[in-house]
There are 2 protein chains.
Amino acid sequence: MLSKTTEYAIRALVSVELNSRKGQRPGFKTIARDIDAPEQYVAKIMQTLTRFKLLKSVRGRGGGFFFTEDNQQDIFLYDVVWIMEGKTFFTRCGFGFKHCDANNPCPLHNEYEPIREAFTQLLKKETIRSLATKIEKGEAVLSRLSV
Amino acid sequence: MLSKTTEYAIRALVSVELNSRKGQRPGFKTIARDIDAPEQYVAKIMQTLTRFKLLKSVRGRGGGFFFTEDNQQDIFLYDVVWIMEGKTFFTRCGFGFKHCDANNPCPLHNEYEPIREAFTQLLKKETIRSLATKIEKGEAVLSRLSV
DNA sequence: AGTAAAAAAGACCTTAAAATCTTTTATAAT
DNA sequence: ATTATAAAAGATTTTAAGGTCTTTTTTACT
């Protein structure tokens, strides 16, 4: 479904959110530990996310990753997926048929479409903040982060 | 979502079904042309599918791939996906969280579960035959196959 | 000014999926 | 029996995702 990289990206942003709620400004090593992912790989992902302005970073002493007022606005999972997987993620045929759309449906299009749409809506509804809140409330766990 | 290999497998079986309805017994080259996939790669996939007894093959002159009385029974897409992707496909967390299930839900589990379940039900309902029939009826197109 | 801390950047490596090439085995027609 | 045909099997290659290592740049503290 989602690539491992996208999964890391979502969890990494949640880690930043949870850390900043505690007044921290995490670096990639902290994030990597939180989400149980390889440090350098997380560093690369954070570079992508900052390049796309989902959050900001500062180098040097006391540096790290954080959200600004702008970013503090909700980051939808949809945005993260769009950036990491590309826009075609939301339209390409789930069964690999070429030219599959409403006008030219593959044999599964009509039944699959609503499912994909439901998933898209989920990604358009949930945000990094909403995930973080669920975790803080103890309604959900986030692997190591919650331990 | 599904790997390319699984997509090929589903389409390949549909190709066999459509061909046998025309009294043909296709070989891997015919199938590959039908579904627009690499010949040798299709050959490998057909080997897997026959090894798992989803259909039969005969070598030599006049050989090819076909369904027996046994296989003529509906092959559910679920079976194909199970074979090609493994059983964990239907249970693993869609967002990469460890230990995500009803008891230990990730922050998206409760909303994602019904979507995944709907997809699973689709795979448990649709069969190779049902796809082939839709294509024959002209209700759907199957890339090159339909041309 | 010098140094330590941290992200950015670039080069490189590893693994798994996808794809190809070659040889072997089975089948049927001549 | 020989030959043509076709799948099976095995080895190999290619590509892309995932992951690592090293150097550079930025920043703050002393």
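This one's a predicted model, so the numbers in the text were calculated from it and none came from an experiment. All chains are named by letter (A, B, ...) in the order of the sequence lines, taking the proteins before the strands, and each is independently numbered beginning at 1.
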Quickly work out the [X] [atom1] to [N] [atom2] distance and round it to whole Å.
X: A:Lys4; N: D:dA16; atom1: NZ; atom2: C1'; value: 14 Å
X: B:Leu2; N: C:dA18; atom1: CG; atom2: P; value: 11 Å
X: A:Tyr41; N: C:dA8; atom1: OH; atom2: P; value: 16 Å
X: A:Ile45; N: C:dA7; atom1: CD1; atom2: P; value: 14 Å
X: A:Asp36; N: D:dG18; atom1: CG; atom2: C1'; value: 15 Å
X: B:Ile35; N: C:dA19; atom1: CD1; atom2: C1'; value: 13 Å
X: A:Lys53; N: C:dA8; atom1: NZ; atom2: P; value: 12 Å
X: A:Leu49; N: C:dA9; atom1: CG; atom2: P; value: 14 Å

(request) Could you tell me whether B:Glu113 and B:Arg116 make a salt bridge, using a distance below 4.0 angstrom between a side-chain N and a carboxylate O? (result) yes
Only pairs under 3.5 Å count here: list side-chain donor-acceptor contacts from residues 37-44 of chain A, not counting sequence neighbours, and write none if there are none.
| unit_1 | atom_1 | unit_2 | atom_2 | d |
| --- | --- | --- | --- | --- |
| A:Tyr41 | OH | A:Thr5 | OG1 | 2.7 |

(request) Report yes if at least one side-chain N or O of B:Thr5 is closer than 4.0 Å to OP1 or OP2 of C:dA17; otherwise report no. (result) no
(request) Please check the phosphate of D:dG18 (OP1 and OP2 only) for any side-chain N or O of A:Tyr8 closer than 4.0 Å. (result) no
(message) What does the B/S/- profile of nucleotides 6-13 of chain D look like, 5' to 3', with a 4.0 Å heavy-atom cutoff to protein?
(response) BSBBBB--
(request) Could you check whether the rings of B:Phe95 and B:Tyr112 sit parallel, tilted or perpendicular, using 30° and 60° as the cut-offs? (result) perpendicular
(message) Out of the candidates B:Ile31, B:Ile35, B:Asp34, only one should pair with B:Arg11 under the side chain to side chain contact (heavy atoms under 4.5 Å, CB included) rule; please name it.
(response) B:Ile35
(message) Within the 4.5 Å heavy-atom criterion, are A:Trp82 and A:Phe76 side-chain neighbours or not?
(response) no
(message) Donor-acceptor pair, distance only, cut-off 3.5 Å: does the side chain of B:Ser20 make one with the backbone of B:Val16?
(response) yes
